[in-house]
Amino acid sequence: MSGTRDAENKIRVMPADPEAAAVLKGWAAQEDALLDVAGLDLTGADLSGADLANGLLTETVLRKANLSSCDLYRAHLEAAVLAEANLSSAGLVKAVLDEASLTGANLDGADLGSAELWGVDASGASLRGTRLHGAALLETKLYGADLSHAMVQETSFKVFLDDRSVVEGLTGTVFGPARVAGTEGVRELGGGDLELWLNERGARVEVLTP
């Protein structure tokens with residue numbers, strides 16, 4: 001029975017995929033085991049609050065999964081599908097999310113300190129109050145994303161933005177340049193031009209010179 005209780009404590013809702021469910025049950029039954037679900041389909045799973053630090057979730061499908069308040073410190077999420085996933089209040093410090101899909105995901109209040117987000121598509125994602133200190137957002141799509149009151153500090157902000165991107169209350173320091181899509185096409189903005197674009201929309205950001 002103890003294994004069943006452990007699984008219930010770590011996994012609130014199992015994924016429909018039998019292989020993924022079996023791997024999760026085996027992981028949950030072991031104390032302090034490293035999660036390895038690379039390439040598996042965990043669509044709709046609820047792992048909220050679980051300790052997934054250093055976990056291997058490369059190319060894992062986590063569409064609409066609940067990972068709120070999870071500890072994903074140094075987790076490998078390269079090319080993971082996190083579309084519409086709930087990552088609110090999750091700890092993603094030093095996590096690697098290169099080429100992951102975060103379209104429509106909820107990252108409100110999450111901590112992405114020093115996280116790597118190269119080639120990530122976070123279009124339509126919510127990052128309200130998200131901490132991005134020292135994170136590397138490189139070639140990251142933030143079309144229509146909400147960064148209200150997010151916090152940045154020496155954050156690499158080489159991102160794609162558009163007029164639907166919300167930056168009101170975004171505070172701190174970033175390195176550009178960013179590319180902004182508008183009616184006149186895509187413009188690359190760096191230095192004072194990027195600072196002006198952001199701050200005219202309610203941000204309080206300083207763009208640093210590399």
Side-chain angles (χ1 to χ4, degrees), residues 67 72-210:
L67 300 171
L72 287 152
Y73 174 74
R74 286 189 182 275
H76 284 273
L77 291 146
E78 295 97 329
V81 179
L82 291 150
E84 298 181 64
N86 182 1
L87 289 149
S88 60
S89 300
L92 289 147
V93 173
K94 296 187 177 180
V96 184
L97 293 119
D98 295 344
E99 298 188 307
S101 171
L102 286 162
T103 55
N106 178 0
L107 291 128
D108 294 350
D111 189 348
L112 283 94
S114 300
E116 298 177 26
L117 295 96
W118 174 80
V120 168
D121 188 352
S123 300
S126 183
L127 296 101
R128 298 171 64 90
T130 302
R131 293 176 292 285
L132 294 158
H133 299 334
L137 280 72
L138 306 173
E139 305 295 318
T140 302
K141 293 178 182 176
L142 292 170
Y143 297 130
D146 187 350
L147 288 91
S148 300
H149 304 287
M151 293 159 280
V152 287
Q153 184 175 326
E154 297 186 358
T155 300
S156 296
F157 203 65
K158 298 180 180 181
V159 300
F160 296 91
L161 302 161
D162 62 13
D163 290 335
R164 297 171 299 127
S165 305
V166 181
V167 295
E168 184 177 358
L170 176 68
T171 57
T173 58
V174 299
F175 295 101
R179 276 171 277 181
V180 179
T183 54
E184 299 175 354
V186 179
R187 296 176 295 152
E188 182 170 286
L189 300 179
D193 292 333
L194 177 57
E195 198 169 289
L196 181 64
W197 190 91
L198 292 168
N199 294 345
E200 279 185 340
R201 288 161 176 78
R204 298 188 301 280
V205 168
E206 178 186 357
V207 178
L208 303 172
T209 303

Interatomic spacing from [atom1] in [X] to [atom2] in [Y] - rounded to 0.5 Å:
{"X": "Thr103", "Y": "Tyr143", "atom1": "OG1", "atom2": "OH", "answer": "14.0 Å"}
{"X": "Leu194", "Y": "Asn199", "atom1": "CG", "atom2": "CG", "answer": "9.0 Å"}
{"X": "Ser148", "Y": "Leu170", "atom1": "OG", "atom2": "CG", "answer": "9.0 Å"}

Notebook entry, point to check: Considering residues at least two apart in sequence or located in another chain, which fulfil the side-chain hydrogen bond (donor to acceptor under 3.5 Å, both in side chains) criterion with Ser88?
Noted result: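 Checked Ser88 against side-chain hydrogen bond (donor to acceptor under 3.5 Å, both in side chains); matches are Asn86.
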Does [X] reach the side chain of [Y], with side-chain heavy atoms less than 4.5 Å apart?
{"X": "Val152", "Y": "Leu147", "value": "no"}
{"X": "Leu189", "Y": "Leu161", "value": "no"}
{"X": "Phe157", "Y": "Val205", "value": "no"}

Check: side chain to side chain donor-acceptor pair (under 3.5 Å): which pairs involve residues 172-183, sequence neighbours left out?
Finding: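 Those involving residues 172-183 are Glu139-Arg179.
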Checklist line | Summary of side chain to side chain donor-acceptor pair (under 3.5 Å) pairs that have at least one residue in residues 151-164, sequence neighbours excluded | finding: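 For residues 151-164, and leaving out neighbouring residues, the side chain to side chain donor-acceptor pair (under 3.5 Å) pairs sorted by first residue read Asp162-Arg164, Asp162-Ser165.
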Which atom pair, heavy atoms only, marks the closest approach of [X] to [Y]?
{"X": "Gly190", "Y": "Pro177", "answer": "CA-CB, 3.9 Å"}
{"X": "Ala110", "Y": "Leu92", "answer": "CB-CD1, 4.5 Å"}
{"X": "Glu99", "Y": "Val120", "answer": "N-CG2, 4.0 Å"}

Per-pair distances, 0.1 Å, donor-acceptor, side chain in residues 72-84, under 3.5 Å, sequence neighbours excluded:
residue: His76; atom: ND1; partner: Glu78; partner atom: OE1; Å: 3.4
residue: His76; atom: ND1; partner: Glu78; partner atom: OE2; Å: 3.0
residue: Glu78; atom: OE1; partner: Thr58; partner atom: OG1; Å: 3.2

Notebook entry, point to check: By salt bridge (charged side-chain N to carboxylate O under 4.0 Å, His left out), which residues pair with Asp146, not counting sequence neighbours?
Noted result: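 In terms of salt bridge (charged side-chain N to carboxylate O under 4.0 Å, His left out), with neighbours along the sequence ignored, Asp146 is linked to Arg128.
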Next item on the list: State which residues pass salt bridge (charged side-chain N to carboxylate O under 4.0 Å, His left out) with Asp111; sequence neighbours excluded, sorted by chain then number.
Entry: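 Salt bridge (charged side-chain N to carboxylate O under 4.0 Å, His left out) check on Asp111 returns Arg131.
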Next item on the list: Check the pair Asp108, Ser126 against side-chain hydrogen bond (donor to acceptor under 3.5 Å, both in side chains), reporting the backbone distance first and the verdict last.
Entry: CA-CA 6 Å; Asp108 294 350; Ser126 183; 2.5 Å; yes
